[in-house]
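Below is one structure; the comments refer to it alone.
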Amino acid sequence: MEKLEKLYEGKAKQLYATDDPEVLWVEYKNSATAGDGEKKEDFAGKGRLNNLITTLIFDLLKKRGIDSHLVARVGETSQLVKKVTMFPLEIVLRNTAAGHFCSRLGVEEGIKLKEPVLEYFLKNDDLHDPFVNDDDLVALGVCTREDLAEIAPLARRINEALIEIFAKIGIKLVDFKIEMGRTSDGTLLLADEITPDSCRLWDQRDGSGKVEHLDKDLFRRDLGDIIPAYEEVESRLAELAKSEGIEVAE
């Protein structure tokens, strides 16, 4: 499939048209950003790792009956995806208190929540992606009630599946953000990416209970190099995928 003109460039990815109007070409970048882009740095190999990690996670989710926009990984930093009309919405699931949740509500980081928390944030850089509720989204025309009645249960299914996937490789899924969109026939799909950029992942293998980050908080909080952490996540996911009969890129 041929890559054509660039359609969009974000903080972590570039999006291109292809010779199939229903398929887009995604290129992962090496850049990492934090604080609404105020902090930025390039890390050699990050784009390749995030492309691999997203592909592995989407394949593992598919095994569990959850479809995404992924068509195929086609290069070290590139993948083909179904064209979807994206909701301008960050969908966040929290299992353990961390990050913005703690600062907003005065909760100690690391506390296990009594049940997963589903939150929505409007994608708007100028407004710093504000927190919104269901009524806000409907009133602004971002979603309908019918959309939310599909989005919320799918987000919770994804959370349950990801908790199980990461638990199998000795990682606690603290929280994550995802995006969704609709195909031309109206099907709701998980889209964008799932990577250590968009999840908080705490290593559990040593059993000490000490927080060992395997995610972008290493960069966000100046705790260390993100590349070894991302390599570890990719390696563990690849082993799990192989054990489940999923073809893994070498």
Side-chain angles (χ1 to χ4, degrees), residues 1-31 45-91 93 123 147 150-151 153-155 157-162 164-166 169 176-199 230-231 233-250:
M1 188 166 290
E2 187 179 356
K3 181 171 72 171
L4 302 177
E5 74 273 11
K6 186 192 294 186
L7 301 175
Y8 169 80
E9 181 163 0
K11 296 170 186 172
K13 294 185 291 297
Q14 296 171 322
L15 195 62
Y16 296 84
T18 72
D19 47 8
D20 183 336
E22 294 299 318
V23 177
L24 300 176
W25 185 296
V26 178
E27 285 279 351
Y28 282 79
K29 297 160 63 175
N30 285 331
S31 56
K46 177 176 176 288
R48 181 185 67 83
L49 286 165
N50 276 353
N51 187 35
L52 285 168
I53 289 167
T54 290
T55 303
L56 287 165
I57 291 176
F58 283 177
D59 284 345
L60 287 162
L61 287 173
K62 189 170 185 177
K63 275 277 207 177
R64 289 153 176 80
I66 297 170
D67 285 331
S68 72
H69 70 162
L70 179 68
V71 175
R73 178 177 168 272
V74 290
E76 282 208 339
T77 61
S78 55
Q79 59 184 230
L80 297 175
V81 300
K82 295 175 187 173
K83 184 179 180 180
V84 298
T85 301
M86 299 289 287
F87 291 102
L89 195 59
E90 291 185 348
I91 303 157
L93 265 294
K123 282 180 67 72
D147 290 328
E150 284 188 76
I151 289 169
L154 177 55
R157 279 183 62 211
I158 291 167
N159 185 43
E160 290 170 5
L162 289 177
E164 178 256 328
I165 287 166
F166 282 112
I169 58 173
F176 64 94
K177 65 180 177 183
I178 51 175
E179 296 184 34
M180 296 183 193
R182 290 196 185 277
T183 61
S184 57
D185 67 3
T187 302
L188 182 70
L189 289 179
L190 169 64
D192 194 45
E193 67 176 66
I194 300 178
T195 70
D197 281 4
S198 60
C199 304
Y230 285 37
E231 288 174 337
V233 172
E234 189 277 329
S235 174
R236 294 190 199 181
L237 285 169
E239 286 303 311
L240 176 61
K242 287 177 187 175
S243 75
E244 296 190 7
I246 295 170
E247 187 175 341
V248 174
E250 297 298 337

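The structure displayed is predicted, hence computed values, not measured ones.
The side chain to side chain contact (heavy atoms under 4.5 Å, CB included) search around R64 returns L60, A161, E164, I165, K168, E244, not counting sequence neighbours. With sequence neighbours left out, the side chain to side chain contact (heavy atoms under 4.5 Å, CB included) criterion links T77 to E27, R48. Every residue meeting the side-chain hydrogen bond (donor to acceptor under 3.5 Å, both in side chains) condition with K6, not counting sequence neighbours, appears here in chain and number order: E9. When the side chain to side chain contact (heavy atoms under 4.5 Å, CB included) test is applied to E2, the partners found at least two apart in sequence or on another chain are L4, D19. In this structure S68 satisfies the side-chain hydrogen bond (donor to acceptor under 3.5 Å, both in side chains) test with no other residue, sequence neighbours excluded. Residues that satisfy the side chain to side chain contact (heavy atoms under 4.5 Å, CB included) test with T55, not counting sequence neighbours, are N51, D59, L70, R73, Q79.
A donor-acceptor pair under 3.5 Å is absent between the side-chain atoms of H69 and the main chain of K83, judged by distance alone. Remark: the backbone N or O of G10 is paired with a side-chain donor or acceptor of K29 at under 3.5 angstrom.
For the pair I53 and I194, the tightest heavy-atom approach, listed with the atom from each and the gap, is CG2-O, 3.7 Å. Closest heavy-atom contact between M1 and W25: O-CZ3, 3.4 Å. For the residue pair Y230 and D197, the shortest heavy atom distance occurs at OH-OD1, 2.5 Å. When all heavy atoms of G65 and R157 are compared, the pair lying nearest together is O-NH2, 3.1 Å. Shortest non-hydrogen contact noted between A191 and V84 is CB-CG2, 4.2 Å.
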Show which side-chain atoms of residues 177-189 pair as donor or acceptor with protein atoms under 3.5 Å away, not counting sequence neighbours.
{"from": "E179", "atom 1": "OE2", "to": "K123", "atom 2": "NZ", "distance (Å)": "3.2"}
{"from": "R182", "atom 1": "NE", "to": "D147", "atom 2": "OD1", "distance (Å)": "3.3"}
{"from": "R182", "atom 1": "NH1", "to": "E150", "atom 2": "OE2", "distance (Å)": "3.3"}
{"from": "R182", "atom 1": "NH1", "to": "G186", "atom 2": "O", "distance (Å)": "2.8"}
{"from": "R182", "atom 1": "NH2", "to": "D147", "atom 2": "OD1", "distance (Å)": "2.9"}
{"from": "R182", "atom 1": "NH2", "to": "E150", "atom 2": "OE2", "distance (Å)": "2.7"}
{"from": "T183", "atom 1": "OG1", "to": "D185", "atom 2": "OD1", "distance (Å)": "2.3"}
{"from": "T183", "atom 1": "OG1", "to": "T187", "atom 2": "N", "distance (Å)": "3.2"}
{"from": "S184", "atom 1": "OG", "to": "E22", "atom 2": "OE1", "distance (Å)": "3.3"}
{"from": "D185", "atom 1": "OD1", "to": "T187", "atom 2": "N", "distance (Å)": "3.1"}
{"from": "D185", "atom 1": "OD1", "to": "T187", "atom 2": "OG1", "distance (Å)": "2.8"}

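We find the NZ-CG distance between K3 and L15 to be 11.0 Å, quoted to the nearest 0.5 Å. Between atom CZ of residue F58 and atom CG of residue D192 there is a gap of 7.0 Å, rounded to the nearest 0.5 Å.
R236 and E239 are not joined by a salt bridge, as no carboxylate oxygen comes within less than 4.0 angstrom of a charged side-chain nitrogen.
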